[in-house]
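Report on the following structure.
Residue numbering restarts at 1 for every chain, and letters A, B, ... go by the order of the sequence lines.
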Amino acid sequence: MSVKDILEGKLTGKEVELKGWLVTKRSSGGVQFLMIRDGTGTIQSTIHKDEVNEKIFQETDKLTQESSLALKGIVKVDKRAPGGYEIRVNDLQIVQLAVQDYPLSKKAHGIDFLMDWRHLWIRSPRQIAILKIRAEVVKACRDFLDEQGFTLTDSPIFTPSSVEGVATLFETPYFGDKAFLTQSGQLYVEATMAAFGKVYCFGPTFRAEKSKTPRHLTEFWMVEPEMAFFTFEDNLRLQEEMLTYIVKKTLEKRSKEFEVLKRDTKPLKKVEPPFDRISYTEAIGMLQKDGFSIEWGEDLGLPHEKAISLKFEKPVFVHRYPARTRAFYMQPDPEDPKVALCADLMAPEGYGEIIGGSERIYDLKLLEQRIEEFGLPKKAYEWYLALRKFGSVPHSGFGLGIERTVTWICKLKHIRETIPFPRTTTRIYP
RNA sequence: GCCGCCGUAGCUCAGCUAGGUAGAGCGGCUGGCUGUUAACCAGUCGGUCAAAGGUUCAAGUCCUUUCGGCGGCGCCA
């Protein structure tokens with residue numbers, strides 16, 4: 001028996017037993033109103049003084065916010081109750097009487113306080129809605145890829161060296177040696193790809209950069225598909241289909257949560273293939289025309305991504321960035337080797353990049369040359385180079401940031417609410 | 001790392017411009033109310049004004065430093 005079933009009208013008139021937590025309590029003397037949360041929803045329960053024994057009524061009167069309890073009662077339709085249903089209680093047992101000073105009141109709190117109490121904050125309606133949507137996004141990613149014949153092959157979290165040799169990594173002792181927390185599982189899925197054809201990894205990644213922005217976490221989750229024999233174009237198409245699937249499934253299954261968040265879902269309903277595409281070179285021209293002082297060869301910052309994103313109703317690919325500014329493994333464009341066959345996907349409504357992808361270099365000589373040009377330690381990449389020696393094939397892949405995607409889908413101002421326990425440069429508690 | 005803003009009751013904040021008895025709402029507690037919707041009404045408890053130093057007869061208020069947070073930028077798929 002769950003609140004969800006009651007609110008769907010499946011148990012009207014029936015006697016139910018409900019176990020859950022007390023969200024709030026109101027009283028008008030002879031009637032007490034309890035809002036009960038059980039994980040599937042929240043429902044009002046009423047206790048009338050003349051309908052239960054006096055001991056239960058008095059105990060209920062002493063109930064504190066977030067106490068856990070079990071109750072029995074009859075489900076009734078009542079227009080006065082939020083949600084249209086309520087339980088008329090005839091028996092109630094306290095599982096644990098919460099200590100009186102529950103820190104999160106019904107009034108406003110500041111972000112620092114809420115983050116200090118994150119372990120309790122996740123019980124609030126808004127946080128429940130966001131985390132439900134996150135769970136749906138994760139499920140959609142996995143369902144989509146599994147249905148498309150992908151195999152899940154997770155990459156290690158302890159790694160021996162930097163994947164791209166640039167970003168700052170978290171270091172940890174490893175039996176007298178050093179290990180680093182992964183910043184991308186990509187190189188490893190390139191290996192498993194040769195065993196399974198289409199693969200993906202899904203897990204946490206770590207960046208030790210001191211980024212202090214509303215779109216960065218030091219620990220975040222990525223899904224990284226890698227596909228054998230996929231061209232650059234095949235890659236973009238897969239991304240379009242996957243993101244469309246994610247948005248559709250989330251809209252379909254989590255409409256109540258969008259209501260809680262007051263998220264206008266109209267922009268999300270426009271997400272469907274094909275997405276718009278502009279080249280990096282076109283983007284630079286566009287930005288210069290808009291008055292940005294940016295030259296060809298410079299990387300796009302958030303203001304640039306935002307400006308581009310706002311020009312399109314759907315997600316937009318920005319492709320073919322200067323090869324010099326991108327990762328060493330990206331395939332140069334045969335028609336213009338100055339640029340790489342890569343694309344970032346910008347989410348609409350001013351949200352920036354949520355996906356980065358590329359076709360990978362599969363020629364051994366070229367890859368060795370690039371590793372040298374980037375000044376990377378060749379020895380650390382021996383195993384990776386071996387993938388080009390034994391049955392190397394053209395292939396492509398991408399990485400989708402779960403939290404950035406959820407931030408956009410929920411239209412949040414900050415990424416920190418999209419993960420149960422966010423890790424940022426200034427926070428590792430709780 | 002840089003720039004800006006902030007730190008006062010458990011929480012959200014006012015008080016600072018112009019130095020002169022520490023305030024409000026919410027939460028807690030006590031009592032009232034037989035249909036509440038962030039319930040309401042009455043009463044009550046609650047303070048190292050982030051820390052240290054300085055100016056002054058007098059500092060929550062002015063000055064300096066440190067710490068912590070927030071916002072933006074940078075770094076960063």
Side-chain angles (χ1 to χ4, degrees), chain A residues 23-35 42-52 57 61-62 64-66 76 78-84 86 88 98-117 120-121 124-125 162-164 166-169 183-184 186 205-218 220 222 224 298-306 317-319 321 325-327 329-330 340 342-347 352-358 397-401 403-405 413-416 424-427 429:
Chain A
V23 179
T24 57
K25 187 185 73 187
R26 292 181 286 265
S27 164
S28 73
V31 188
Q32 297 184 57
F33 301 86
L34 314 177
M35 294 302 294
T42 302
I43 190 163
Q44 175 168 292
S45 308
T46 57
I47 298 198
H48 292 70
K49 198 169 192 172
D50 53 11
E51 289 178 13
V52 294
F57 194 84
D61 194 42
K62 295 271 186 282
T64 43
Q65 198 180 345
E66 288 301 323
K76 304 221 159 162
D78 198 313
K79 273 183 287 184
R80 296 168 297 186
E86 68 177 27
R88 198 102 167 185
V99 298
Q100 278 146 4
D101 46 347
Y102 187 71
L104 304 182
S105 72
K106 292 170 215 162
K107 299 264 175 158
H109 293 292
I111 188 66
D112 192 40
F113 177 82
L114 289 169
M115 280 298 174
D116 278 343
W117 292 96
L120 300 182
W121 187 27
S124 67
S162 164
V163 166
E164 294 174 25
V166 218
T168 327
L169 300 175
Q183 60 151 335
S184 165
Q186 186 206 310
T205 51
F206 307 87
R207 306 278 163 95
E209 296 128 15
K210 288 192 176 166
S211 303
K212 200 175 129 23
T213 83
R215 27 187 272 128
H216 285 88
L217 295 167
T218 55
F220 63 98
M222 274 210 291
E224 295 176 275
E298 286 178 54
D299 238 329
L300 303 180
L302 180 62
H304 309 120
E305 289 184 13
K306 198 170 176 176
F317 286 111
V318 180
H319 57 85
Y321 286 78
T325 67
R326 308 310 268 187
Y329 51 71
M330 291 184 179
C342 64
D344 285 353
L345 184 65
M346 309 292 163
E353 179 193 351
I354 54 172
I355 294 181
S358 67
F398 63 93
L400 179 149
E403 289 80 9
R404 283 189 179 178
T405 303
K413 291 204 176 78
H414 204 293
I415 198 168
R416 64 192 155 207
T424 67
T425 54
T426 56
R427 179 165 296 275
Y429 176 91

Y102(A) OH to C26(B) C1', in whole Å, measures 16 Å
Any strand, both distances under 3.5 Å, Watson-Crick or G-U wobble: U34(B) pairs with none
Check your understanding: P atom, C63(B) versus G20(B): distance in rounded Å?
Key -> 15 Å
Any donor-acceptor pair under 3.5 Å linking the side chain of K25(A) with the backbone of D61(A)?
-> yes
Heavy-atom nearest nucleotide on RNA chain B taken for K25(A) and for K62(A); more 5' hit belongs to K62(A)
Mate of G74(B) across any strand shown (Watson-Crick or G-U wobble, both atom pairs under 3.5 Å) is none
For G27(B), the nucleotide meeting Watson-Crick or G-U wobble distances (both under 3.5 Å) is none
Quantified in whole Å, what is the P atom distance between nucleotide A38(B) and nucleotide C76(B)?
48 Å
From CZ of R215(A) across to C1' of G74(B) the rounded distance in Å is 13 Å
When both distances are under 3.5 Å in a Watson-Crick or G-U wobble arrangement, the nucleotide paired with G53(B) is C63(B)
R207(A) atom CZ is separated from G74(B) atom P, nearest whole Å, by 18 Å
So, the side chain of T64(A) versus the backbone of A98(A): is there a donor-acceptor pair under 3.5 Å, distance only?
yes
Rounded to the nearest 0.5 Å, the OG1 atom of T46(A) sits from the CD atom of E86(A) at a distance of 4.0 Å
Tell me if a side-chain donor or acceptor on Q32(A) pairs with a main-chain N or O of F57(A) at a distance below 3.5 Å.
yes
Checklist line | Presence of donor-acceptor pair under 3.5 Å, side chain of Q32(A) and base of U34(B) | finding: no
From NE2 of H216(A) across to P of C75(B) the rounded distance in Å is 10 Å
Have a look at P103(A) and say if it touches a base, only the backbone sugar-phosphate, or nothing, with a 4.0 Å heavy-atom cut-off. nothing
W117(A) CH2 to C11(B) P, in whole Å, measures 10 Å
Among the nucleotides G1(B), C11(B), G35(B), whichever has the atom closest to the side chain of K210(A) is G1(B)
**Item:** Same-atom distance (P) from G43(B) to U48(B), integer angstrom
**Value:** 26 Å
Please give the distance between the C1' atoms of U55(B) and A24(B) as a whole number of Å.
32 Å
What contact category does Q65(A) fall into here, base, sugar-phosphate, or nothing, at under 4.0 angstrom with non-hydrogen atoms? nothing
d(E298(A) CD, H304(A) NE2) to nearest 0.5 Å is 7.5 Å
Among the nucleotides G27(B), G35(B), U34(B), whichever has the atom closest to the side chain of D50(A) is U34(B)
Interatomic distance, CZ@F398(A) vs CE@M222(A), rounded to 0.5 Å, equals 11.5 Å
Side-chain contact check for F33(A): nearest option of G27(B), C33(B), U36(B) is U36(B)
Taking a pair to mean Watson-Crick or G-U wobble geometry with both distances below 3.5 Å, C45(B) pairs with none
Q) With rounding to whole Å, what would you report as the distance between G46(B) and G54(B) at their P atoms? A) 32 Å
Residues at least two apart in sequence or cross-chain that pass side-chain contact (heavy atoms from CB on, under 4.5 Å) with L302(A), listed by chain then number, are R215(A), E305(A)
When rounded to whole Å, the NZ to P distance for the pair K76(A) and G35(B) reads 16 Å
Any N/O pairs under 3.5 Å between the protein and nucleotides 65-72 of chain B? List them or say none.
{"residue": "G69(B)", "atom": "OP1", "partner": "T426(A)", "partner atom": "O", "Å": "3.2"}
{"residue": "C70(B)", "atom": "OP2", "partner": "T426(A)", "partner atom": "OG1", "Å": "3.4"}
{"residue": "G71(B)", "atom": "OP1", "partner": "R416(A)", "partner atom": "NH1", "Å": "3.4"}
{"residue": "G71(B)", "atom": "OP1", "partner": "R416(A)", "partner atom": "NH2", "Å": "2.8"}
{"residue": "G71(B)", "atom": "N7", "partner": "K212(A)", "partner atom": "NZ", "Å": "3.2"}

How is G401(A) classified with respect to the nucleic acid when contacts are heavy atoms under 4.0 Å: base, sugar-phosphate, or nothing? nothing
Taking every heavy atom of S27(A) against every heavy atom of G29(A), the minimum-distance pair comes out as OG-N, 3.0 Å
Practice task
Give a yes or no on whether a donor-acceptor pair under 3.5 Å exists between the nucleobase atoms of C75(B), that is its base, and the side chain of S211(A).
Solution key: yes
Sorted by position of nearest nucleotide on RNA chain B, 5' first, the leading residue of T325(A) and E86(A) is E86(A)
> With rounding to whole Å, what would you report as the distance between U8(B) and U61(B) at their C1' atoms?
Replying inline: 11 Å
Q. G25(B) and C40(B): how far apart are their P atoms, nearest whole angstrom?
A. 13 Å
- Would you confirm whether T168(A), through its side chain, and E209(A), through its main-chain N or O, come within 3.5 Å as a donor-acceptor pair? no
**Message:** At 4.0 Å (heavy atoms only), tell me whether D299(A) reaches a base, stays on the sugar-phosphate, or touches nothing.
**Reply:** nothing
D61(A) CG to C29(B) C1', in whole Å, measures 13 Å
Heavy atoms of T42(A) and V23(A) approach each other most closely as CG2-CG2, 4.2 Å
Rounded to whole Å, CZ of F113(A) lies from P of U8(B) at a distance of 13 Å
Exercise. What nucleic acid atoms does H48(A) come within less than 4.0 Å of, heavy atoms only: base, sugar-phosphate, or nothing?
Worked result: base
- [ ] Could you work out the separation of U12(B) and G69(B) based on their C1' atoms and round it to a whole Å?
- [x] 16 Å
